[in-house]
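See below for the structure under consideration.
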Amino acid sequence: MNKRNTSNSTPVLGRRSFLIASAGTVAWLATGGLSGIAQAAAPHALPPIPYAENALEPFITADTIGFHYGKHHKGYVDNLNKLVERTEYADLSLEKIITGTAGRADKTAIFNNAAQIWNHTFYWKSMRPKGGGEPPALLKQKIEASFGSVDACKKEIAGAAVSQFGSGWAWLVLDGDKLKVVKTANADVPLTTGMKPLLTVDVWEHAYYLDYQNRRADYVNTVLDKLINWEFALQNAS
Ligand code: MN3
């Protein structure tokens with residue numbers, strides 16, 4: 001726990017406080033907390049992860065989450081806060097920074113760090129302990145209307161995740177009233193092209209290399225079968 005508490009801006013929480021914070025996060029998520037996170041203006045804080053670091057074991061280990069959340073995700077937050085200090089972006093929400101810098105060659109570093117904060121916060125919520133299984137009925141209907149079956153939808157997500165060359169993300173999105181699967185490279189996020197993200201899978205190597213080495217397909221299929229949070233997708237689709 002201590003390794004992530006190296007910054008002055010990060011409150012030092014003991015294990016007990018962390019668990020209480022996590023329980024609070026669950027309640028807060030249930031009341032639509034995503035937009036709450038996304039609207040928070042600079043200085044940006046590392047959003048809480050909605051479960052304990054070992055909660056996704058044995059499929060994703062505490063070691064992976066510890067580095068991924070405590071080093072990579074936190075690193076993007078620290079970088080963004082430095083990059084926007086005393087700029088026109090200093091007081092903007094994360095989403096406004098992302099949409100305001102997307103596609104601008106002179107703002108690449110700000111876009112990349114802001115989008116990676118958003119993407120990772122969304123990724124943690126896209127999984128849950130004892131996830132996978134059957135989607136809730138309302139989502140299942142939408143999935144069947146767009147893909148034919150839940151299995152076909154999962155195959156399409158896995159296909160996008162495995163075929164993304166290099167680092168990036170696979171997404172289930174709502175495009176108009178139709179569900180689609182898309183993939184993005186590096187920090188890119190479907191928000192900037194008007195699609196509404198429902199779920200994501202991180203396919204940067206840091207997401208799976210400690211646990212799966214080069215077996216990206218095994219990692220992706222395990223996430224889809226054992227961890228994917230269909231309830232979160234349904235909340236986002238509503
Ligand atoms: Mn990552």
Side-chain angles (χ1 to χ4, degrees), residues 3-4 34 37-38 44 46-51 53-81 83 94-95 97-98 101-103 107-128 131 154 156-173 181-193 195 197-229 232-233:
K3 66 189 172 190
R4 84 162 72 118
L34 177 69
I37 278 182
H44 301 274
L46 178 64
I49 192 168
Y51 32 75
E53 290 185 4
N54 65 358
L56 305 184
E57 291 190 341
F59 311 116
I60 296 179
T61 60
D63 211 18
T64 289
I65 303 265
F67 279 102
H68 198 176
Y69 175 68
K71 303 291 183 187
H72 291 274
H73 197 175
K74 180 178 186 300
Y76 298 124
V77 173
D78 293 345
N79 287 341
L80 183 69
N81 282 331
L83 286 164
L94 199 53
E95 282 176 340
I97 294 174
I98 292 168
T101 56
K107 303 294 181 196
T108 304
I110 292 177
F111 172 81
N112 283 342
N113 284 284
Q116 284 293 80
I117 296 170
W118 197 96
N119 293 348
H120 281 90
T121 303
F122 197 80
Y123 169 64
W124 303 127
K125 295 180 196 169
S126 294
M127 301 184 288
R128 65 178 179 89
K154 285 163 65 177
E156 197 163 329
I157 297 172
V162 171
S163 65
Q164 170 56 34
F165 186 77
S167 296
W169 303 82
W171 305 83
L172 179 66
V173 300
V181 169
V182 296
K183 56 186 175 180
T184 59
N186 300 314
D188 285 350
V189 50
L191 286 179
T192 61
T193 46
M195 291 182 275
L198 305 187
L199 288 173
T200 195
V201 182
D202 187 343
V203 295
W204 285 57
E205 285 187 345
H206 64 228
Y208 59 89
Y209 222 82
L210 291 177
D211 298 331
Y212 295 86
Q213 293 76 51
N214 61 331
R215 292 174 286 115
R216 185 190 285 189
D218 288 354
Y219 153 73
V220 169
N221 285 315
T222 301
V223 168
L224 292 172
D225 289 340
K226 306 291 187 185
L227 300 174
I228 206 75
N229 187 348
F232 178 60

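FYI, the numbering just counts along the sequence from 1.
Residue K125 comes nearest to P50 through the heavy atom pair CG-CG, 4.2 Å, listed as atom of the first residue, atom of the second, then distance. Nearest heavy-atom pair across P48 and Y69 is CA-OH, 3.4 Å. In terms of heavy-atom proximity, V189 sits nearest to T184 at N-CG2, 4.3 Å. Looking at every heavy atom in both residues, I157 comes nearest to V181 through CG1-CG2, 3.6 Å. The two atoms that bring A161 and R216 nearest to each other are O-NH1, 2.8 Å, heavy atoms only. Scanning both residues, D225 and K154, for their nearest heavy atoms gives OD1-NZ, 2.9 Å.
No close placement of the H73 and Y123 rings is indicated, their centers lying 6.0 Å or farther apart. In this structure, the ring of H68 has its center less than 6.0 angstrom from the ring center of W124. F122 and F232 have their aromatic ring centers within a separation under 6.0 angstrom.
Shown are D218, V220, T64; of these, the side-chain contact (heavy atoms from CB on, under 4.5 Å) with Y212 is made only by D218. For the ring-ring contact (aromatic ring centres under 6.0 Å, His included) test with H206, the passing option among W204, Y208, Y209 is W204; the others fail. The one candidate from N113, I110, T108 that meets the side-chain contact (heavy atoms from CB on, under 4.5 Å) condition with T101 is I110.
By the 4.5 Å heavy-atom criterion applied to side chains, D202 and Y219 are counted as neighbours. Residues L80 and Y76 form no side-chain contact, since every pair of their non-hydrogen atoms from C-beta on lies 4.5 Å or further apart. Between I98 and F111 the shortest side-chain heavy-atom distance falls below 4.5 Å. The shortest distance between side-chain heavy atoms of I60 and V223 falls below 4.5 Å.
Here L46 contributes atom CG and T121 contributes atom OG1; the two are 7.5 Å apart, rounded to the nearest 0.5 Å. Atom CD in E95 sits 12.0 Å away from atom OG1 in T192 (nearest 0.5 Å). Remark: I117 CD1 to N81 CG distance equals 7.0 Å, nearest 0.5 Å. For the atom pair D78 CG and K71 NZ, the distance stands at 10.5 Å (nearest 0.5 Å). Distance check, rounded to the nearest 0.5 Å: OG1 of T222 to CD1 of I228 gives 11.5 Å. From M195, atom CE reaches atom CH2 of W171 across 10.0 Å, with rounding to the nearest 0.5 Å.
Other residues, nucleotides and ligands contribute at most 12 non-hydrogen atoms within 6.0 Å of the NZ atom of K226.
One N or O on the side chain of N119 and one on the backbone of A187 form a donor-acceptor pair closer than 3.5 Å. Looking at S126, its side chain does come within 3.5 Å of a backbone N or O of T200 through a donor-acceptor pair. Panel note: side chain T61, backbone E57; no donor-acceptor pair is recorded below 3.5 Å.
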> Do W169 and Q116 pass the side chain to side chain donor-acceptor pair (under 3.5 Å) test, and can you show the C-alpha distance, the side-chain angles, and the key distance before you say yes or no?
Replying inline: CA-CA 10 Å; W169 303 82; Q116 284 293 80; 3.2 Å; yes

